Every structure is written in structure tokens, then in C-alpha cells.
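Data block below; observations after.
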Amino acid sequence: MTDETSFYEQVGGRATFARLAEAFYRGVADDPVLRPMYPEEDLGPAQERLLLFLEQYWGGPTAYSEQRGHPRLRMRHAPFHVNPDARDRWLAHMRAAVDELGLSPLHEATLWDYLQRAAHAMVNTFEPTPGAAPAGD
């Protein structure tokens with residue numbers, strides 16, 4: 001591989017990011033704090049949006065922007081109660097999904113660093129989640 005090969009291509013392209021999104025939403029499906037943030041009956045549309053976003057971010061196809069415009073992640077997450085508990089739950093499901101990929105240590109560290117930074121950036125409140133026990137309880 002050359003230095004010009006995108007991270008997307010280096011880790012296996014669409015198939016890898018599709019596996020990541022599928023594994024992540026498998027965890028979200030039963031999470032009492034995160035699941036209500038996805039109003040659709042089926043998590044499939046959210047899974048597809050995450051896949052398209054990650055593909056574009058890591059150097060793959062630009063279908064996300066073509067279909068949805070600029071990602072504007074903070075703006076898109078503003079209507080949701082994203083507190084440290086929600087962030088930690090998101091990270092726990094994403095960590096399990098990343099672990100399923102079996103990436104090289106360098107690729108895994110690169111991906112995980114981005115995901116952690118993104119999750120921390122989405123926090124928009126420090127108010128507890130109404131009616132939910134904190135993660136880890």
C-alpha cells in the first residue's frame with residue numbers, strides 16, 4: 001500500500017464499515033438510553049446513515065454528502081439528550097463493534113481515536129437521562 005491509499009481502502013472498504021455499523025446497531029437495539037434516540041421502528045436507516053458517513057469520512061464514496069449535505073454532526077445531534085451516560089453507552093457499543101473487525105493495531109487505534117473524539121464532541125448536556133440508570137449499574 002502506498003501513502004496515497006485511503007484509510008477506507010486500507011481497512012477493507014465498504015465491507016468493513018458495513019460490519020462496524022451492523023455490530024454497533026446490534027448493541028444499540030437493546031440499549032434503554034440510546035434506542036429512544038432513533039425514532040424509526042427499524043434501525044436500518046440509521047445504520048445506513050452511519051455507514052455512509054464513515055465511508056465518506058475515511059476516504060470512501062461521498063454518498064453521505066450527496067444525499068444529506070454537510071454532516072454537521074453537532075447540529076444533527078442537538079435535538080437529542082446526549083449526556084456523558086449516553087456518550088459512554090455509545091462508546092461501549094462502538095468499542096464492541098470495533099473489536100469485531102480484527103483490524104491491525106495501527107488501524108484500530110486510528111479508528112478508535114476518532115470515534116472517541118467524535119463521541120466526546122457530541123455531548124450537549126450534563127443533565128442525567130430521565131428515568132435511566134447510569135451505564136455500568
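It should be emphasised that the depicted structure is a prediction, and the values quoted were computed from it without experimental measurement.
A donor-acceptor pair under 3.5 Å is formed between the side chain of Arg35 and the backbone N or O of Tyr38. Without hydrogens or angle criteria, Tyr8 side chain to Arg14 main chain gives a donor-acceptor distance under 3.5 Å.
Considering only heavy atoms from C-beta on, Arg19 comes within 4.5 Å of Leu101 through its side chain. The shortest distance between side-chain heavy atoms of His120 and Leu91 falls below 4.5 Å. With contacts defined as side-chain heavy-atom distances shorter than 4.5 Å, the pair Pro128/Asp85 does not qualify. No side-chain heavy atom of Glu127 sits less than 4.5 Å from a side-chain heavy atom of Asn83. Leu115 places a side-chain heavy atom less than 4.5 Å from the side chain of Trp90. Contact check for Arg87 versus Met122: no side-chain heavy atoms found under the 4.5 Å cut-off.
A pairwise comparison of heavy atoms in Thr125 and Pro84 identifies O-CD, 3.5 Å as the closest pair. Across all non-hydrogen atoms, the minimal contact from Ser6 to Gly59 is OG-O, 3.8 Å. Residues Glu40 and Ala46 approach most closely at OE1-N, 4.1 Å, considering heavy atoms. Residues Met94 and Trp112 come closest through the heavy atom pair C-CZ3, 3.9 Å.
Gln56 CD to Phe17 CZ: the interatomic distance, rounded to the nearest 0.5 Å, is 12.0 Å. With rounding to the nearest 0.5 angstrom, the CD atom of Glu100 is 9.0 Å from the CG atom of Leu20. Here CG of Asp88 is found 11.0 Å from NE2 of His93. Values are rounded to the nearest 0.5 Å. Taking CG of Leu50 as the start and CD of Glu22 as the end, the distance is 11.5 Å to the nearest 0.5 Å. Note that OG1 of Thr16 is 11.5 Å distant from CD of Gln10, once rounded to the nearest 0.5 Å. The CG atom of Leu54 lies 7.5 Å from the CG atom of Leu111; values are rounded to the nearest 0.5 Å.
Under the 30°/60° scheme for interplanar angles, the aromatic rings of Trp58 and Phe7 are found to be tilted.
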